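So the structure is just underneath, and the comments pick up after that.
Scope of the values below: all heavy atoms of this structure, side chains included, with no hydrogens, waters or symmetry mates. Everything numeric here is computed off the predicted structure, so don't read it as measured data.
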Amino acid sequence: MQQIILITVIFNFIIWIYLLIFRGKFWLADQRLLPVSEIEIENIEYWPSVSVIIPARNEAKLLRVTLNSLLNQDYPGNLTIILVDDHSIDNTSIVARCTAQQSENFTKLEVISAADLPSGWTGKLWAINQGINYAKKQIPAPDYFLLTDADIEHSSTNIRQLVVKAEQKNLALVSLMVKLQCETLAEELMIPAFVFFFKKLYPFRWVNNPQKSTAAAAGGCILIRHQVLDEVGGIEVIKNALIDDCSLAKAVQQKSTNKKIWLGLTSDTKSRRSYPDLMSIWNMVARTAFTQLNYSPLLLIVTVIGMKLVYLIPSLGIILGVIFGWWKVLAIALLARLLMFLAYLPIVRFYRLSPIYAMGLPTVALMYTLITIDSAWRHWRGRGGYWKGRVYQS
């Protein structure tokens, strides 16, 4: 028994060595969108036009803050904002128009209503598609589309920074993993891990390396060239995707002549979506967790075993090592636990939390494993992909 545990703990230690050294250094929070210098601003002769597309469904509570952040952008080029009201039952359209009227930049906003949702589309992508089609009728048509969620509060220079990044590096798509709200205890426990797992699945350095096949984006903030979006077939090519951001990035990588994508973190542009308790986060993750596994029972089993092996074995080794005096097991388990702590610490610090939270990754990983199982169970019961009153299936 001792030998089996020892071999398992050693294997876990090797896994963490691999993750820290050979997995694109995903654990670092180093891929950031940097401020634009005055020299960079002066070097841009023409500022491309940008059309911001906001799908909004029952977002009246947040729009006064988030929409204002777009109306007051410090962007030298032509900027228009199209908010698509996706059959809201609150006062989304009214709040949007009132917010714009109180701004000196009220002429930048257009509010349109989404048509009835056709079969085969998700509500968000249908709303985005209509916003894009509306924007294309502008003369001249926009050079870029900024696809953003209604809960995102943008820094005053965010669009300028995104455009400079895209223009300087000739990028097809630039995306930001905005800083998620992390104020309640549930958010402090679960949100940094959500970002950590996403970065482990899609290492940002690999995404940003044209030589790698990894493609990903974060749906809250995606700047994409008009020409590139047309080249890949428009939003329609991902019309039924629940994980629409990564699906769009993959389409760009596979179908566009310009395959260069950049994905990074930001601490200045933030989500104002609140998750007051564990259940609200649980539902958010469960909506797409099984989708990420392509609805495969085999991948679900492999994922559950893998999560236990990677995150729970060190703690088990420490407990058994102390109880039975298995000092080799204890020593290696402690080393593996240290590597896990060091890997999680950068994203914990990014969210300005105490390092103590970095010690809780095994428990949080167990919670995410249970959420993934529940996501599969919901799918099999016909409740997968439930969001804002709609149910989406594969």
**Report entry** D151 and S271: CA distance, side-chain angles, deciding distance, side chain to side chain donor-acceptor pair (under 3.5 Å) verdict
**Finding:** CA-CA 6 Å; D151 59 69; S271 171; 3.0 Å; yes

Query raised in the report: Strictly under 6.0 Å, is that where the ring centroids of F196 and Y344 end up?
Result: yes

Query raised in the report: So, R64 and E59, do they make that salt bridge, N to O below 4.0 Å?
Result: no

Requested in this report: State whether W262 and K165 meet the cation-pi test: NZ (Lys) or CZ (Arg) under 6.0 Å from the six-membered ring centroid, and within 45° of the perpendicular axis.
Outcome: yes

Query raised in the report: Do D244 and I128 come close enough that some side-chain heavy atom pair is under 4.5 Å?
Result: no

Report task. Let me know which of I53, N105, V50, L109 forms a side-chain contact (heavy atoms from CB on, under 4.5 Å) with I81. Result -> L109

Query raised in the report: Taking the six-membered ring for Trp, is the centroid-to-centroid distance between Y144 and H226 below 6.0 Å?
Result: no

Query raised in the report: Should we say atom NZ of K61 is surrounded by more than 12 heavy atoms from elsewhere, each under 6.0 Å from it?
Result: no

Report task. Would you please say whether a donor-acceptor pair under 3.5 Å links the side chains of N258 and S256? Result -> no

Requested in this report: Indicate whether any N or O donor in one side chain lies under 3.5 Å from an N or O acceptor in the other, for T80 and E110.
Outcome: no

Query - Donor-acceptor side-chain pairing of Y275 and Q181 below 3.5 angstrom - result: no

Requested in this report: Using a strict 4.0 Å threshold on nitrogen-to-oxygen distance, state whether D86 and K124 make a salt bridge.
Outcome: no

Query raised in the report: Do L185 and V195 share a hydrophobic cluster (ILVMFWY, side-chain heavy atoms under 4.5 Å, transitive)?
Result: yes

**Report entry** Side chains of Y295 and T291, donor plus acceptor under 3.5 Å
**Finding:** yes

**Report entry** Backbone of N58 reached by a side-chain donor or acceptor of S88 within 3.5 Å
**Finding:** yes

Query raised in the report: Are W282 and D374 close enough that a side-chain donor and a side-chain acceptor fall under 3.5 Å?
Result: yes

Query raised in the report: Could you state the interatomic distance from CG (D74) to CD (Q161), rounded to the nearest 0.5 Å?
Result: 10.0 Å

Report task. Report whether Y75 and V52 are members of the same hydrophobic cluster (ILVMFWY, side-chain heavy atoms less than 4.5 Å apart, transitive linking). Result -> yes

Query raised in the report: Can you name the nearest heavy-atom pair linking A172 to V252, along with the distance?
Result: CB-CG1, 3.8 Å

Query raised in the report: Strictly by modelled atom types, are N208 and Q31 linked by a side-chain donor-acceptor pair under 3.5 Å?
Result: yes

Report task. Verify the distance criterion only: is there a donor paired with an acceptor across the side chains of Y311 and N12 at less than 3.5 Å? Result -> no

Query raised in the report: So, R225 and E167, do they make that salt bridge, N to O below 4.0 Å?
Result: yes

Query raised in the report: Linking I/L/V/M/F/W/Y whenever any side-chain heavy atoms sit under 4.5 Å apart, do V348 and F341 land together?
Result: no

**Report entry** Spatial distance of atom CD1 (I94) from atom CG (L63) [nearest 0.5 Å]
**Finding:** 12.0 Å

**Report entry** Heavy-atom side-chain proximity of I261 to L171 below 4.5 angstrom
**Finding:** no

Query raised in the report: Once you round to the nearest 0.5 Å, how far does CD of Q253 lie from SG of C246?
Result: 11.5 Å

Query raised in the report: Do the non-hydrogen side-chain atoms of H154 and Q73 ever get within less than 4.5 Å of each other?
Result: yes

**Report entry** Test ring-ring contact (aromatic ring centres under 6.0 Å, His included) applied to W377 and F290, step by step
**Finding:** CA-CA 9 Å; W377 177 241; F290 195 43; over 10 Å; no

Requested in this report: Determine, for E153 against K270, whether the closest basic-nitrogen to carboxylate-oxygen distance falls under 4.0 angstrom.
Outcome: no

Query raised in the report: Under a 4.5 Å cut-off applied to non-hydrogen side-chain atoms, are F26 and Y202 in contact?
Result: no

Query raised in the report: Quick one: do the S280 and D277 side chains pair a donor with an acceptor below 3.5 Å?
Result: yes

Query raised in the report: Hey, does the Lys NZ or Arg CZ of K179 hover above the aromatic six-ring of F350, less than 6.0 Å from the centre and inside 45° of the axis?
Result: yes

Query raised in the report: Ignoring hydrogens and geometry, is there a side-chain-to-backbone donor-acceptor pair from K199 to L28 under 3.5 Å?
Result: yes

Query - Salt bridge present between D85 and R57 (N-O < 4.0 angstrom) - result: no

Query raised in the report: Does any donor atom in the side chain of D143 or S49 lie under 3.5 Å from an acceptor atom in the other side chain?
Result: yes

Requested in this report: Please lay out, stage by stage, how K200 and W27 fare under the test side-chain contact (heavy atoms from CB on, under 4.5 Å).
Outcome: CA-CA 7 Å; K200 187 178 75 170; W27 48 280; over 6 Å; no

